[in-house]
Q: 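What follows is a single structure, and I will ask about it in a moment.
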Amino acid sequence: MIIYRRVFGNIDDFVKKEELERILRAKVDDGYFSMDLDEKSEEYHRMTGFILKHSFHHEVIGTSFTKQEIETAEVLCFLGAPTFAYPEPQEPSYLNATYDSVCGKCGIYGAQKANFVVAKDKQFSKNKLASLHWVFGELFCDVDIYESFFKSKFLSRDLEIKNGSKSELVKQLVLPELNDNLELSHLSYDICSECGQRKYVPTIVGFFSLPKQRDFFMARTKEFFGSGHSAHQKILVSNSAMKELIKNKLAKQHQFAPCR
């Protein structure tokens, strides 16, 4: 497992530039500087003093897992599918049209009360498992894949078209929710001043939390993740689900983060 950090800041004087070049042992340009580094690398270790001294940013931008870590994990977090359309209306009001109990400030929502609506029907080409822009906790698939692969595992919802008809090409998967809360004491979170609900940071750093419940194919967390007005539930999959999704070309290995 490799955790990557993006180190960035402004090189606005000669002394700072010379110091950074000495640390990196390479030339750097004046102005904006950005570099992605393994947080365990020698380069990042050498830069820590410089980062603190000059108030440079060093945000975690992602984690890379080995093939073995992914293939042997009992449960994995699905990092997301390619997007195919925007929900209608193309503004935050799509939440209120689709879910119960939507908080206007943090975006946390309740049960789905209506089908999602898109501008026009969509024939998936390569990606037969997909998502909507802004909607990270829901999955959609083409009708043929639903019938042949998902129907025995999940119920579905129709996808509606803006003109009032129903999609003949796409179905939404109705994913169950986990029975128990996750152990997330290691993650930072915000408590919404309007609804009082907790929302965790969306970025996965290292392994995701392993749920108590393991007897599922795919399921959504009880907890919400996101920033600003955006909120979503994470999707977890069993090891067998991960392997079946990859085998059927519905996902690729890099789309999964192991739970531990």
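Just so you know, residue 1 is the first one in the sequence shown, and it goes up from there.
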Q: Please determine whether a side-chain nitrogen of the Lys or Arg among Arg260 and Glu74 lies less than 4.0 Å from a carboxylate oxygen of the Asp or Glu.
A: no
Q: Would you name the heavy atoms of Ser131 and Phe140 that are closest together and state the gap between them?
A: CA-CD1, 4.1 Å
Q: Hey, is Lys222 close enough to Glu177 for a salt bridge, meaning N to O under 4.0 Å?
A: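 Judged by the 4.0 Å cut-off on N to carboxylate O distance, Lys222 and Glu177 do form a salt bridge.
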Q: For Glu88 and Gln90, does a side-chain donor sit closer than 3.5 Å to a side-chain acceptor?
A: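 Yes, because at least one side-chain N or O of Glu88 sits under 3.5 Å from a partner of the opposite role on Gln90.
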Q: Under 3.5 Å, side chain of Ser165 to main-chain N/O of Ile161, donor-acceptor pair present?
A: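 It does not hold such a pair.
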Q: Report yes if some heavy atom in the side chain of Phe216 is under 4.5 Å from a heavy atom in the side chain of Val237; otherwise report no.
A: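 Phe216 vs Val237: side chains apart.
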Q: Do Cys141 and Val170 have side chains that get closer than 4.5 Å, going by heavy atoms?
A: no
Q: Return the OG1 to CD distance between Thr66 and Glu71, rounded to the nearest 0.5 Å.
A: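 Here the rounded value is 9.0 Å.
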Q: Give, for atom OH of Tyr4 and atom CE of Met35, the distance between the pair rounded to the nearest 0.5 Å.
A: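 These two atoms lie 13.5 Å from each other.
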Q: Provide the closest heavy-atom pair for Asp180 versus Lys212 in the form atom of the first, atom of the second, distance.
A: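 Shortest heavy-atom separation between Asp180 and Lys212 comes out as OD2-CB, 3.9 Å.
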Q: Taking atom types as modelled, is there a side-chain donor on Gln123 or Asp121 under 3.5 Å from an acceptor on the other?
A: no
Q: What orientation do His54 and Phe50 show, parallel under 30°, tilted 30 to 60°, or perpendicular over 60°?
A: tilted
Q: Answer yes or no: does atom CD of Glu168 have more than 12 heavy-atom neighbours from other residues, nucleotides or ligands under 6.0 Å?
A: no
Q: Distance only, no hydrogens: is a donor on one side chain within 3.5 Å (strictly under) of an acceptor on the other, for Glu39 and Ser41?
A: no
Q: Which value, rounded to the nearest 0.5 Å, describes the distance between Phe33 atom CZ and Leu24 atom CG?
A: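 Rounded to the nearest 0.5 Å, the CZ-CG separation comes out at 5.0 Å.
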Q: Heavy atoms, side chains only, cut-off 4.5 Å: are Leu182 and Thr221 in contact?
A: yes
Q: Using 4.0 Å as the upper bound for N to carboxylate O, is an ion pair formed by Asp36 and Arg5?
A: no
Q: Given Gln233 and Leu175, is the side chain to side chain contact (heavy atoms under 4.5 Å, CB included) satisfied, shown in steps?
A: CA-CA 11 Å; Gln233 293 162 288; Leu175 301 178; over 6 Å; no
Q: Side-chain heavy atoms under 4.5 angstrom apart, residues restricted to Ile, Leu, Val, Met, Phe, Trp, Tyr: same cluster for Val143 and Phe150?
A: no
Q: Taking the side chain as C-beta and beyond, is there a heavy-atom pair between Ile235 and Phe136 under 4.5 Å?
A: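 No, too far: nothing below the 4.5 Å cut-off.
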Q: Got a second to check how far Asp29's CG is from Glu21's CD, nearest 0.5 Å?
A: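 Rounded to the nearest 0.5 Å, the CG-CD separation comes to 9.0 Å.
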Q: I would like to know whether Phe256 and Phe65 meet ring pair (Phe, Tyr, Trp, His ring centres under 6.0 Å); could you show each step before the answer?
A: CA-CA 9 Å; Phe256 299 94; Phe65 299 96; over 10 Å; no
Q: Please round to the nearest 0.5 Å and tell me the distance separating atom CG of Leu129 and atom CG of Leu245.
A: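 If we round to the nearest 0.5 Å, Leu129:CG and Leu245:CG are 6.5 Å apart.
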Q: Output yes when a side-chain donor or acceptor of Glu223 lies under 3.5 Å from a complementary backbone atom of Asn181, and no otherwise.
A: no
Q: Is any side-chain heavy atom of His232 closer than 4.5 Å to one of Trp134?
A: no
Q: May I have the step-by-step check of side chain to side chain contact (heavy atoms under 4.5 Å, CB included) for Tyr189 and Ile191, ending in yes or no?
A: CA-CA 7 Å; Tyr189 59 85; Ile191 294 179; 3.8 Å; yes
Q: Is Lys249 atom NZ crowded by more than 12 heavy atoms from other residues, nucleotides or ligands, each under 6.0 Å away?
A: no
Q: Answer yes or no: does atom NZ of Lys122 have more than 12 heavy-atom neighbours from other residues, nucleotides or ligands under 6.0 Å?
A: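 No, the 6.0 Å shell around NZ holds no more than 12 heavy atoms from other groups.
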Q: Between Phe124 and Phe84, what is the ring plane arrangement, given parallel below 30°, perpendicular above 60°, and tilted in between?
A: perpendicular
Q: Can you list the steps and then say if Arg198 with Asp190 is a salt bridge (Lys or Arg N to Asp or Glu O under 4.0 Å)?
A: CA-CA 6 Å; Arg198 182 177 297 191; Asp190 290 318; over 6 Å; no
Q: Could you give the distance from CD (Gln197) to CD1 (Ile108), rounded to the nearest 0.5 Å?
A: 4.5 Å
Q: Locate the shortest heavy-atom distance separating Asn239 from Ile70; write the atom from each residue and the value.
A: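 Scanning both residues, the minimum pair turns out to be ND2-O, 4.2 Å.
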Q: Judged by atom type as modelled, is there a donor-acceptor pair below 3.5 Å linking the side chain of Ser209 to the main-chain atoms of Glu183?
A: yes
Q: Any sub-3.5 Å donor-acceptor pair from Thr63's side-chain atoms to Gly206's backbone N or O?
A: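 Here the side-chain-to-backbone pair exists.
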Q: Restricting to non-hydrogen atoms, name the atom on Cys192 and the atom on Cys195 that form the minimum distance, rounded to 0.1 Å.
A: SG-N, 3.5 Å
Q: Under 3.5 Å, is there a donor-acceptor pair linking the side chains of Glu91 and Ser93?
A: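 Looking only at side-chain atoms, Ser93 and Glu91 do form a donor-acceptor pair, the distance falling under 3.5 Å.
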Q: Would you find a donor on one side and an acceptor on the other, under 3.5 Å apart, between the side chain of Asp38 and the backbone of Ile2?
A: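 A pair under 3.5 Å: no.
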Q: For Phe116 and Tyr99, take the angle between the two ring planes, folded into 0 to 90°, and tell me which bin it lands in: parallel under 30, tilted 30 to 60, perpendicular over 60.
A: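 It falls in the perpendicular class, over 60°.
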Q: Please check this pair: side chain of Asn248 against backbone of Leu250, looking for a donor-acceptor N/O pair closer than 3.5 Å.
A: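 It does not hold such a pair.
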Q: Of the non-hydrogen atoms in Gly107 and Leu95, which two are nearest, and what is the gap between them?
A: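 The answer is O-CD1, 4.4 Å.
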Q: Would a distance-only check, ignoring hydrogens and angles, find a side-chain to backbone donor-acceptor pair under 3.5 Å from Asp158 to Glu160?
A: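 Checked: no pair found.
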Q: Which word best sums up how the rings of Phe8 and Tyr32 line up, parallel for under 30°, tilted for 30 to 60°, or perpendicular for over 60°?
A: tilted
Q: Are the side chain of Ser230 and the backbone N or O of Gly226 linked by a donor-acceptor pair below 3.5 Å?
A: no
Q: Would you kindly check if the NZ (Lys) or CZ (Arg) of Lys234 is within the cone defined by 45 degrees around the ring axis of Phe225 and under 6.0 Å from the six-membered ring centre?
A: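 Satisfied, under 6.0 Å and within 45°.
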Q: Pair Arg220, Glu138 - check salt bridge (Lys or Arg N to Asp or Glu O under 4.0 Å), show working.
A: CA-CA 9 Å; Arg220 295 191 300 179; Glu138 309 287 358; 2.8 Å; yes
Q: Can any side-chain N or O of His229 pair as donor or acceptor with the backbone N or O of Lys105 at less than 3.5 Å?
A: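 Present.
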Q: Do Ile204 and Val60 belong together in a cluster built from hydrophobic side chains that touch within less than 4.5 Å?
A: no
Q: Answer yes or no for Lys151 and Phe154: cation-pi contact, defined as NZ/CZ to six-membered ring centre under 6.0 Å and angle to ring axis within 45°.
A: no
Q: Is it the case that Asn179 and Gln213 place a side-chain donor and acceptor less than 3.5 Å from each other?
A: yes
Q: Are the side chains of Leu236 and Met218 in touch, meaning some heavy atoms are under 4.5 Å apart?
A: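 They are not in side-chain contact.
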Q: Is any NZ, NE, NH1 or NH2 atom of the basic residue among Asp12 and Lys16 found under 4.0 Å from an Asp or Glu carboxylate oxygen of the other?
A: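 Lys16 and Asp12: salt-bridged.
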Q: Side chains of Tyr146 and Lys128, heavy atoms from C-beta outward: is any pair under 4.5 Å?
A: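 They are not in side-chain contact.
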Q: Glu69 vs Phe207, test: side chain to side chain contact (heavy atoms under 4.5 Å, CB included). Steps then yes/no.
A: CA-CA 10 Å; Glu69 287 170 335; Phe207 296 102; 3.8 Å; yes
Q: Does Lys252 reach the side chain of Ile246, with side-chain heavy atoms less than 4.5 Å apart?
A: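 They are not in side-chain contact.
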Q: May I ask you to check if Lys199 and Phe224 form a cation-pi contact, with NZ or CZ under 6.0 angstrom from the six-membered ring centre and within 45° of the axis?
A: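 The answer is no, since Lys199 fails at least one limit relative to Phe224.
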Q: What's the verdict on side chain to side chain contact (heavy atoms under 4.5 Å, CB included) for Asp100 and Tyr109, showing C-alpha distance, side-chain angles and the deciding distance?
A: CA-CA 6 Å; Asp100 282 325; Tyr109 47 82; over 6 Å; no
Q: Count the heavy atoms belonging to other residues, nucleotides or ligands that lie under 6.0 Å from NE2 of His133, then report whether that count exceeds 12.
A: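 Count over threshold, so yes.
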